[in-house]
J.: 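Once you've had a glance at the structure underneath, I'll fire off some questions.
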Amino acid sequence: MGTLSEAYKDVPMRLKHVIPLDFESTKVVPESHIWPETENFPLSDHILPSDDNEKSKSWIPVIDLMAPNVVELIGHACETWGVFQLTNHGIPSSLIHDVEFQARRLFSLPTKQKLKVLRSAGGATGYGAARMAQFLTKYLWHEGFTIAGSPVEHASVLWPHDHKTFCDVMENYQKMMKSLAHQLLLLMLKWLEVSEDELNWKLSMSQDALQLNSFPACPDPKSTIGLAPHTDSMLMTVLHQSHEGLQIFHDGIGWVTVSPIEGALVVNLGNLMDILSNGKFPSIQHRVFVNQIRHRISVAYFCFPPTDSQVAPFAKSECPIYSSLTVKEFLQIRAKHMEDALSVITIK
Ligand SMILES: C=C1C[C@]23C[C@H]1CC[C@H]2[C@@]12CCC[C@@](C)(C(=O)O1)[C@H]2[C@@H]3C(=O)O
Ligand SMILES: O=C(O)CCC(=O)C(=O)O
Ligand SMILES: [Fe+2]
């Protein structure tokens, strides 16, 4: 079965785009990280003032996984927003807390130590900047650590005598996320009226990756950005954010802040779901701003079908808008075209 590493190894990044800023020794935002003014920037003009937060909370749907009409709630949210906040999801808050604690522990290590597990140019896992960095003219105020499968190899380099807790926590979280994501995917397919036979086998074998994101406190948050506007490439992302910072773009409204709700997880759709649903569940554009006081951590869980399996608009689609290809082929197109990947495979 194809893996993430196999998919990315043929589309290496340049090493200068993999190495994050040395946040340990940085006291001012360097020129390389100062974003020029554009219509989408500076972000501060678009951030809703905090007294509007109540409003933004009521905009983005908040869904109770145990609600009797959950299929309809999720279906609607996916069609109109591409994002929702999920409560009653069954992931213990203590586990979420532990994951965040371990992530902070990792990012607080000296830069020199973190660089020992730097993701290789053609690699998928380890410490480094986001893959999207290679498409940008400016750098991001961000560092990440990607786990696919067991984190033990990297963790034992970071903590030669004490990597067990980190690994146990991450593996446990991945296991619980896998089952939650599978549950959510089945609910989405039910709404789309896709027969389980058509897709369930692929989803049961689905692969995943866990991305720990770190956005250190920034001396001048208005001049830079944590993650520039992007869509995620996989089926779905299940995210936990420790503090405010995530915004989504909604037609007719603009950038909307996703205010953290205690205990809730943010679910957003990615490109592969856009393809499977024939555009009925569009992938959602989002971005992350940084702040001056807090070191913000987020934990993103991505799931996708086996990379050697085929993805295409589901069989019932009357007029498929995307051509069929393997997950690996799609990820490689993404690695070359980033946000234009979906238009590359759109049937004209
Ligand atoms: C499983 C994934 C999903 C990845 C690639 C790989 C590991 C890291 C993920 C992110 C995280 C940050 C945004 C993004 C756009 C990026 O640059 O790296 C994501 C990307 C994707 O959704 O394509
Ligand atoms: O930090 C966040 O809130 C979002 C992170 C994100 O967009 C990603 O990991 O793809
Ligand atoms: Fe994202």
Side-chain angles (χ1 to χ4, degrees), residues 3-9 11 13 17-18 20 60 82-83 85 100 103 107 119 122-136 139-149 174 177 181 206-216 225-249 255-261 264-274 283-291 294-305 307 327-328 330-342:
T3 62
L4 199 58
S5 306
E6 269 172 45
Y8 287 140
K9 79 171 189 309
V11 278
M13 287 176 63
H17 291 136
V18 183
I60 293 164
V83 61
Q85 304 222 46
E100 203 187 300
F107 292 115
R119 201 171 70 232
T125 62
Y127 175 72
R131 293 193 71 85
M132 67 192 282
Q134 61 191 324
F135 293 90
L136 307 169
Y139 288 82
L140 301 169
W141 197 266
H142 165 269
E143 54 183 340
F145 183 80
T146 313
I147 301 171
Q174 278 169 290
M177 279 290 149
S206 76
Q207 314 255 303
D208 52 19
L210 194 63
Q211 167 83 359
L212 310 177
N213 291 308
S214 155
F215 307 90
I225 190 163
L227 286 178
H230 68 281
T231 57
D232 293 341
S233 43
M234 305 304 183
L235 285 169
M236 183 176 80
T237 308
V238 185
L239 178 96
H240 184 263
Q241 53 169 346
S242 69
H243 297 100
E244 202 168 74
L246 176 64
Q247 295 186 321
I248 57 118
F249 188 83
W255 290 100
V256 180
T257 299
V258 184
S259 306
I261 298 176
L265 294 167
V266 180
V267 179
N268 71 265
L269 301 179
N271 296 165
L272 292 176
M273 182 56 87
D274 202 325
S283 31
I284 170 95
Q285 237 206 340
H286 52 286
R287 68 182 186 186
V288 177
F289 60 89
V290 294
N291 76 84
R294 293 214 157 98
H295 181 176
R296 180 177 181 273
I297 298 285
S298 74
V299 180
Y301 174 89
F302 300 89
C303 62
F304 49 97
T307 54
V327 171
K328 179 176 171 175
F330 180 72
L331 292 180
Q332 297 186 341
I333 291 177
R334 258 282 294 213
K336 288 190 195 123
H337 301 273
M338 193 65 195
E339 292 306 316
D340 294 329
L342 284 178

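Both ligands and their constituent atoms are indexed starting at 1 by order of listing. Fair warning: this is a prediction, and the values are worked out from it, not measured in the lab.
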J.: Counting heavy atoms only, which part of Leu239 comes closer than 4.0 Å to ligand 2: side chain, backbone, both or neither?
T.: side chain

J.: About how many Å separate CE of Met338 and CG of Leu136, when rounded to the nearest 0.5 Å?
T.: 7.5 Å

J.: Give the atoms of ligand 2, by number and element, whose distance to some non-hydrogen atom of Ala300 is under 4.0 Å.
T.: 9 (O)

J.: Taking only heavy atoms of His286 into account, list the atoms of ligand 2 that are under 4.0 Å away from them.
T.: 7 (O)

J.: Do any N or O atoms from the side chain of Gln241 and from the backbone of Val266 form a donor-acceptor pair under 3.5 angstrom?
T.: no

J.: Indicate the atoms forming the closest heavy-atom contact of Ile284 with Phe249, along with that distance.
T.: CD1-O, 3.5 Å

J.: Flag Gln241 as yes when one of its N or O atoms lies below 3.5 Å from any N or O atom of ligand 2, and as no otherwise.
T.: no

J.: Have a look at ligand 1 and work out which part of Gln211, if any, has a heavy atom under 4.0 Å from it: side chain, backbone, both or neither.
T.: side chain

J.: Give the residue, atom name and distance (to 0.1 Å) of the protein heavy atom nearest atom 6 (C) of ligand 2.
T.: Leu227 CD1, 3.5 Å

J.: Which pair of non-hydrogen atoms, one from Pro229 and one from Gln285, has the smallest distance, and what is that distance?
T.: CB-NE2, 3.6 Å

J.: Give the numbers and elements of all ligand 2 atoms closer than 4.0 Å to a heavy atom of Phe215.
T.: 1 (O)

J.: Return the closest protein heavy atom for atom 23 (O) of ligand 1 as residue, atom name and distance.
T.: Ser233 OG, 2.4 Å

J.: To the nearest 0.5 Å, how far apart are NE2 in His230 and CG in Leu140?
T.: 9.5 Å

J.: Mark up the atoms of ligand 1 that fall under 4.0 Å of a heavy atom belonging to His230, in ascending order.
T.: 13 (C), 15 (C)

J.: Among protein heavy atoms, which sits nearest to atom 1 (O) of ligand 2, and what does the distance come to when rounded to 0.1 Å?
T.: Ser298 OG, 2.7 Å

J.: Name the one of Arg294, Arg296, His295 that satisfies side-chain hydrogen bond (donor to acceptor under 3.5 Å, both in side chains) with His243?
T.: Arg294

J.: Within this structure, what is the OH-CG distance for the pair Tyr301 and Leu239, rounded to the nearest 0.5 Å?
T.: 14.0 Å

J.: About how large, to 10 degrees, is the angle NE2 of His230, then the Fe ion (ligand 3), then OD1 of Asp232?
T.: 90°

J.: Roughly how far apart are Leu272 CG and Asp232 CG, rounded to 0.5 Å?
T.: 10.5 Å

J.: Just need the protein heavy atom nearest to atom 3 (O) of ligand 2, so name the residue and atom and give the distance.
T.: Arg296 NH2, 2.7 Å

J.: What verdict does the side chain to side chain donor-acceptor pair (under 3.5 Å) test give for Thr3 and Gln207, after you've listed the backbone C-alpha separation in whole Å, the side-chain angles of each residue and the deciding distance to 0.1 Å?
T.: CA-CA 8 Å; Thr3 62; Gln207 314 255 303; over 6 Å; no

J.: Output the list of atoms in ligand 1 that are nearer than 4.0 Å to some heavy atom of Ala130, sorted by atom number.
T.: 16 (C), 17 (O)

J.: Name the closest protein heavy atom to atom 17 (O) of ligand 1, giving the residue it belongs to and the distance to 0.1 Å.
T.: Met132 N, 2.8 Å

J.: Which of the atoms in ligand 1, numbered in the order shown and given with their element, are less than 4.0 Å from a heavy-atom of Arg131?
T.: 5 (C), 16 (C), 17 (O), 18 (O)

J.: Considering all heavy atoms of both residues, which atom of Lys336 and which atom of Phe135 are nearest to each other, and what is their separation?
T.: O-CE2, 3.3 Å

J.: Going by the atom numbers of ligand 1, which of them fall below 4.0 Å from some non-hydrogen atom of Thr146?
T.: 7 (C)

J.: Would Gln247 and Thr257 satisfy side chain to side chain donor-acceptor pair (under 3.5 Å), going step by step from the backbone distance to the final call?
T.: CA-CA 4 Å; Gln247 295 186 321; Thr257 299; 3.3 Å; yes

J.: According to the interplanar angle, ranging from 0 to 90°, do the rings of His17 and Tyr139 count as parallel (below 30°), tilted (30 to 60°) or perpendicular (above 60°)?
T.: tilted

J.: For atom 4 (C) of ligand 1, what is the closest protein heavy atom, and at what distance to 0.1 Å?
T.: Phe302 CZ, 4.4 Å

J.: Which part of Asp232 is near ligand 1, with near meaning a heavy atom under 4.0 Å away: side chain, backbone, both or neither?
T.: both

J.: Quick one: does ligand 2 sit under 4.0 Å from the side chain of Phe302, the backbone, both or neither, non-hydrogen atoms only?
T.: side chain

J.: Could you walk me through whether Tyr127 and Glu143 pass the side chain to side chain donor-acceptor pair (under 3.5 Å) check?
T.: CA-CA 7 Å; Tyr127 175 72; Glu143 54 183 340; 2.5 Å; yes

J.: Any idea which part of Thr237 is under 4.0 Å from ligand 2, heavy-atom wise: side chain, backbone, both or neither?
T.: neither

J.: Under 3.5 Å, N or O to N or O, is Asn213 touching ligand 2 that way?
T.: yes

J.: Using a 4.0 Å cut-off to any heavy atom of Tyr8, which atoms of ligand 1 qualify?
T.: 5 (C), 6 (C)

J.: Can you give me the closest heavy-atom contact between Ser233 and Phe330, atom names plus distance?
T.: O-CE2, 4.0 Å

J.: For ligand 1, note which part of Ala209 has a heavy atom under 4.0 Å away: side chain, backbone, both or neither.
T.: side chain

J.: Which atoms from ligand 2 have a heavy atom of Val288 less than 4.0 Å away?
T.: 1 (O), 2 (C), 3 (O), 4 (C)

J.: For ligand 2, which atoms, with element, lie under 4.0 Å from some heavy atom of Asp232?
T.: 10 (O)

J.: Return the closest protein heavy atom for atom 2 (C) of ligand 1 as residue, atom name and distance.
T.: Met234 CE, 3.8 Å

J.: Is the NZ or CZ atom of Arg131 both under 6.0 Å from the centre of the six-membered ring of Tyr8 and within 45° of that ring's axis?
T.: yes

